[in-house]
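Residue numbering restarts at 1 for every chain, and letters A, B, ... go by the order of the sequence lines. Since the model is a prediction, treat every value here as computed from it, not as a measurement.
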Number of protein chains: 2
Amino acid sequence: MSAKLFPAHKARMSDVARQAGVSLVTVSRAINTPDKVAPATLAAVRAAVECLGYVPNLMAGSLASNRSRIVAAIVPTIANLVFSETIEALTQALAEDGYQLLLGQSRYRPETEAALVDTFLGRRVDGLVLTGIDQPERLRAKLRRAGLPIVQTWDLPGPGEPAPIDMLVGFSNLAAGQAAARHLASRGHRHMAFIGADEARSRQRLKGFAQAAPDKVEAELIAAPAPIDAAAERLARLVERRPGITAVFCNNDLLAAGVLFACQQRGWAVPGRLAVMGFGDLPIARAAAPQLTTLCIDRAAMGARAGQLLLARLAGGGGAPPCDIGFEVIPRGST
Amino acid sequence: MSAKLFPAHKARMSDVARQAGVSLVTVSRAINTPDKVAPATLAAVRAAVECLGYVPNLMAGSLASNRSRIVAAIVPTIANLVFSETIEALTQALAEDGYQLLLGQSRYRPETEAALVDTFLGRRVDGLVLTGIDQPERLRAKLRRAGLPIVQTWDLPGPGEPAPIDMLVGFSNLAAGQAAARHLASRGHRHMAFIGADEARSRQRLKGFAQAAPDKVEAELIAAPAPIDAAAERLARLVERRPGITAVFCNNDLLAAGVLFACQQRGWAVPGRLAVMGFGDLPIARAAAPQLTTLCIDRAAMGARAGQLLLARLAGGGGAPPCDIGFEVIPRGST
DNA sequence: CTGAAAGCGCTAACAC
DNA sequence: GTGTTAGCGCTTTCAG
C-alpha cells in the first residue's frame, strides 16, 4: 500500500509547466496540438518533458475529454487462429490512429459476453467490436442505447434475422456452407459429411451445407472450442455411421489437416477415397499434402475493416452499410 | 418520485444518489463495498441504479483511486498459437479478479515495443506482461523506474544475461534446444537440422540445439513471423545442402506438421528416413500422423502464472522469485 | 498564440 | 452507517 502504489510517474503537467515557464494549458497544447504552439514555447515544453521524464496521464485526459482512445473487442477465444488473426489486424488498424485494444473472451457464453460488455461500457471505451450477430435482444437493446460505435463481425444477418446493432463486417456463413456443398457436388460427390464446432456460426455453415448437398449430410459437432485432435476420432464415427461418405467438410483447416493425417493412417487416398475440404485458408492449408481445398475468409481484411469503420465513425463520419467481405472457395488438391 | 429518463450512461453517481435519497458517497460504497452499507440503503441504491440504467464510470474511478484495474500485455503477434494461448490464460486469470487486458503487438520490433510501453505507462496500467527478456537496457531502466509490477515471460536469463526487470515466468530456451538435440541423439541421430523463426528465442533454442548436437547443425531461419507454408521449401534447401541429415527440429509444431506433409510427398518415411521433432505441443501434434514428438511448453500455465504474480503483487504481496515453468520432451511417433 | 477558470465523475480521508 | 470536504490530472471553454 505504500510507495509501490505511487510509483515513478511523479511529474504532473503542472510540474512541466513550471519547469518550462509556461502555463499548464500550454503544456497540454504542446503535447496534443503542437502546431498551435509557438516553436520556441514548444521547444521549452519538450525540454521540460524530457528533463522530468514526464509521462502524460491518459486516464485523466480521457476523463476530461470524454474520449478514452480505447476500443474493446470480444471474441469467443483468442486461442483460435481465425479469431487471433482478425484481432491482429484490428489492433494494427487501431494502433495507426493511436487507439488501443481491450480484449475480452466470451468463451462462447452469452452471459460472459454480456458481463464483458458491461465492464467495457463502464470503462467508456470509444468503440466495440463483437463476434457474431447472435447477441440476445436484451444486450442489443442496451448497446443501441449506449450509442457508441459498434461493429459486429463474422456473420451477416439473413432474412428474418435481427438487423445489425450498428455497423457490421462479415460474410454469410449460410452461403459459405452452401458453396462448400456445391464445390464438392461439382467434383461428383453425393454423400457428404460435416465436422465442426457446436457453435452458432459453425451450425449456420452446416445448415447451408446440408441445404445444398445432394444427399443427407452426416454431421459431427464438437463442443466448442473444438479440439482439433478430435479429428481422427470424429472421422471414425462418421464412417461407422455412414460408410459411403466420400467427402467431408471440416469447419477449420486445422481439423481438416487432422483428417488428412487420419486418412493417411487408414491408407485412404485423398481425394480418391475421401475428399477433404477445410475452412479458413489458414497457412496449414497450403502446407498440407495434398494441399487443402478450403473456404478462404479474409480475416485480416475483416479485422482491418472493423477498425476502419470504428475510426471513421470516431472521426465524425457517418454510418456505413453492412459490409460483406465474402468468401472464396480455393480449389486445391484435397478435393 | 419518478426518475428522469437518462440517455444511456448519462446518469452520474449524483443522479443515483438523489434518486435514492442518499449521498453520493453512499452510492459509491453501495457499489464498491456493499457490505459496509445498511441493507435498506443498499436496496434503495440498487433500485435507483436499475431505474436510471446507471453504469459507473470506471475511468473516473480509476483516476480518483489511482488504480486502473487494467493490465497490459505485449506479444510479438497474437496470430501465433503459442502466444495466443498464453494470452488466453492470462486474460482468464485477470478476469477472475476484475482486471482487463490491454493488448499490444510488437511485431518483433523493439521500437514498437518501446512505444507501446510508453502508451501503456501513460494509461497508468496496473501491471505489465512482456514477452521475452531481451528488452534494451534503456527500456528496462524506464520500467524499473516506473515501479509497476511487471512479468517477463517466455524466457529465463542465462548466466551473463541481465536480471529480470521485476518478476518472471519462463523456461530456458537454451536448455530446451539442448534437450531436443539430446532426445534426437538418443534415437541414434547424428546429422541434425533446425528450422525456425529468425527471432531471439528461436535462436536461443538453436544455440542450445547446436551445443548438444553430436555433429554440426544445419539451420534454416525464417524471417519472423514464420509462415509455416515455408516448411517444404526449407526442408528442400536443407536437404540440398546436407543430404545426410536424418533429423530435423522445427521450432513450431505447425512447421513440423508441414515438414511431415513434405516427407509424405517425398515418399520419405518418418521417422525412418527423417525424424521430425516439433515445439510447443500444439493440438496438431497429437492430430498428426505419425504423432509429433515435441517439446511441450505449458503455455496456459505460463499465462495463468503471469496473471497470478501480477494479482498477488497488486493485492499487496511481495515479490516472487523467477519462476521456471520448464518444458518436457514428449516422445511420440515422429522420432 | 497563451492563460485563468471550471469542471470531467469518481474515491479518500476525515467527521458525525 | 453515513455525509462532508477535497482533490485525482487533465481538457475545455472563454478571455485576452
>> From C-beta outward on A:Val25, which listed nucleotide comes closest to its side chain: D:dT12, D:dC10, C:dT11?
In response: D:dT12

>> Could you tell me how far apart A:Lys10 (NZ) and D:dC8 (P) are, to the nearest whole angstrom?
In response: 12 Å

> Could A:Lys10 and A:Asp15 be called an ion pair, given the rule that one side-chain N must be under 4.0 Å from one carboxylate O?
Replying inline: no

> Is the phosphate of C:dC10, meaning OP1 or OP2, less than 4.0 Å from a side-chain N or O of B:Ser28?
Replying inline: no

> Can you tell which of C:dA13, C:dG3, D:dG9 lies closest to the side chain of A:Leu63?
Replying inline: D:dG9

> Nearest nucleotide by nearest heavy atom, which residue falls closer to the 5' end of DNA chain D, B:Ala38 or A:Val27?
Replying inline: B:Ala38

>> Students often get this wrong, so: under 4.0 angstrom with heavy atoms, is A:Leu24 touching a base, only sugar-phosphate, or nothing?
In response: base

> Can you tell me if B:Gln105 uses its side chain to pair, donor with acceptor, with the backbone of B:Arg107 under 3.5 Å?
Replying inline: no

> Taking for each residue the nucleotide of DNA chain C bearing the nearest heavy atom, is the 5' side occupied by B:Arg29 or by B:Pro56?
Replying inline: B:Pro56

>> Nearest whole Å is fine: how far is C:dG9 P from B:Asp15 CG?
In response: 9 Å

> With respect to the side chain of A:Thr26, which nucleotide from C:dG3, D:dG3, D:dC10 is positioned closest?
Replying inline: C:dG3

>> Quick check for you: to the nearest 0.5 Å, what is the distance between B:Leu102 atom CG and A:Arg123 atom CZ?
In response: 9.5 Å

> Rounded to the nearest Å, what distance is computed from the CZ atom of residue B:Arg18 to the P atom of nucleotide C:dG9?
Replying inline: 13 Å

> Is a side-chain N or O of A:Arg124 found less than 3.5 angstrom from the main chain of A:Ser68, in a donor-acceptor match?
Replying inline: no

> What nucleic acid atoms does B:Val37 come within less than 4.0 Å of, heavy atoms only: base, sugar-phosphate, or nothing?
Replying inline: sugar-phosphate

> Among the nucleotides C:dT11, D:dT11, C:dT2, which one has an atom lying closest to any side-chain atom of B:Asn32?
Replying inline: C:dT11

>> Does B:Arg124 contact D:dG9 through a side-chain donor or acceptor facing the base, at a distance under 3.5 Å?
In response: no

>> Output the rounded distance in Å from CE (A:Met59) to P (C:dC8).
In response: 18 Å

> Base, sugar-phosphate alone, or nothing: which one does B:Thr41 contact when heavy atoms must sit under 4.0 Å apart?
Replying inline: sugar-phosphate

>> From CE of A:Met13 over to C1' of C:dG3, roughly how many Å is that when rounded to an integer?
In response: 14 Å

>> Return whichever of B:Ala64 or B:Pro39 has its heavy-atom-nearest nucleotide of DNA chain D closer to the 5' end.
In response: B:Pro39

> Looking at B:Asp97 and B:Arg69, does any basic side-chain N land under 4.0 Å from a carboxylate oxygen?
Replying inline: no

> So, the side chain of B:Thr77 versus the backbone of B:Ala79: is there a donor-acceptor pair under 3.5 Å, distance only?
Replying inline: yes

> Rounded to whole angstroms, how far apart are NZ on A:Lys36 and C1' on C:dT2?
Replying inline: 13 Å

>> Under 4.0 Å, counting only non-hydrogen atoms across every strand here, what does B:Asn57 touch: a base, just sugar-phosphate, or nothing?
In response: sugar-phosphate

> Looking at C:dC10, C:dA12, D:dC10, which one has an atom nearest to any side-chain atom of B:Ser65?
Replying inline: C:dA12

> Rounded to whole angstrom units, what separation is found between the CG atom of A:Leu42 and the C1' atom of C:dT2?
Replying inline: 14 Å

> How many Å lie between CZ on A:Arg69 and C1' on D:dC10, as a whole number?
Replying inline: 15 Å

